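Worksheet: the structure to be examined is printed underneath.
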Amino acid sequence: MSLTQKKYGFMVGSHWVEVLGETKAVHPKWSVLIDGESADTKNLTGEFQLSATVDGKHLSVDIAQGGFGDVDVTVELDNSKIQEFSGFLL
């Protein structure tokens, strides 16, 4: 378990999807990758969303990172929740 990097992975159809969080100097870097290719990346903390398209469907990743590093991640595919994760990232 790492406090400076988070990696969540799961299948959506025949595609491998990863949500990555990595500690940076000012704000963490969050990315969503589809089959190893970056689809969206943001350097933020707080509440925000990453998005991508998988097999013509809209994938949204809602990230809520608290001030003390607590993180909740919710993944939806065409407005249906498919994954939820919680963790900690400095």
Side-chain angles (χ1 to χ4, degrees):
M1 180 165 79
S2 172
L3 296 178
T4 60
Q5 186 174 37
K6 287 288 169 244
K7 182 176 183 178
Y8 305 106
F10 50 93
M11 294 295 294
V12 174
S14 62
H15 300 280
W16 181 245
V17 177
E18 293 175 289
V19 178
L20 306 176
E22 184 178 0
T23 301
K24 295 293 182 183
V26 178
H27 293 292
K29 177 181 175 182
W30 287 94
S31 303
V32 60
L33 287 76
I34 311 297
D35 296 326
E37 297 292 323
S38 179
D40 195 5
T41 299
K42 293 183 178 158
N43 288 67
L44 293 172
T45 191
E47 294 184 19
F48 59 95
Q49 186 177 80
L50 300 173
S51 61
T53 301
V54 181
D55 287 338
K57 296 181 180 180
H58 178 71
L59 180 85
S60 63
V61 180
D62 294 316
I63 298 171
Q65 184 170 10
F68 296 106
D70 50 311
V71 177
D72 291 313
V73 178
T74 303
V75 183
E76 294 184 351
L77 186 64
D78 278 348
N79 297 317
S80 295
K81 188 185 312 181
I82 60 170
Q83 296 284 333
E84 279 188 305
F85 308 101
S86 293
F88 190 84
L89 182 69
L90 293 177

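Owing to the predicted nature of the structure, the values given are computational and were not obtained by experimental measurement.
Taking the side-chain contact (heavy atoms from CB on, under 4.5 Å) definition, one finds that Ala52 meets it with Val32, Ile34, Ala39, Leu59, sequence neighbours left out. Annotation: side-chain contact (heavy atoms from CB on, under 4.5 Å) contacts of Gln83 (sequence neighbours excluded): Phe10, Val75, Phe85. For the side-chain contact (heavy atoms from CB on, under 4.5 Å) test, residues two or more places apart in sequence or in another chain that qualify with Asp70 are Phe68. In this structure Lys29 satisfies the salt bridge (charged side-chain N to carboxylate O under 4.0 Å, His left out) test with no other residue, sequence neighbours excluded.
Side-chain N or O atoms of Asp78 include none that pairs as donor or acceptor with a backbone N or O of Lys57 at under 3.5 Å.
Taken together through direct or relayed side-chain contacts under 4.5 Å among Ile, Leu, Val, Met, Phe, Trp and Tyr, Leu77 and Leu33 form parts of separate hydrophobic clusters. Under the 4.5 Å side-chain heavy-atom criterion for ILVMFWY residues, a single connected hydrophobic cluster contains both Leu89 and Leu44. No path of Ile, Leu, Val, Met, Phe, Trp and Tyr side chains, each step under 4.5 Å between heavy atoms, connects Leu20 with Phe48, placing them in separate hydrophobic clusters.
With contacts defined as side-chain heavy-atom distances shorter than 4.5 Å, the pair Trp30/Leu50 qualifies. The shortest distance between side-chain heavy atoms of Ser51 and His58 falls below 4.5 Å. Using a 4.5 Å heavy-atom cutoff, the side chains of Lys81 and Thr74 are in contact.
Listed by first then second residue, pairs satisfying side chain to side chain donor-acceptor pair (under 3.5 Å) with a partner in residues 33-43 read His15-Asp35, Ser31-Thr41, Ser38-Thr41, not counting sequence neighbours.
Taking OG1 from Thr23 and NZ from Lys6, the interatomic distance works out to 9.0 Å, rounded to the nearest 0.5 Å.
Here Met11 is tied into one hydrophobic group with Trp16, each link being a pair of ILVMFWY side chains closer than 4.5 Å.
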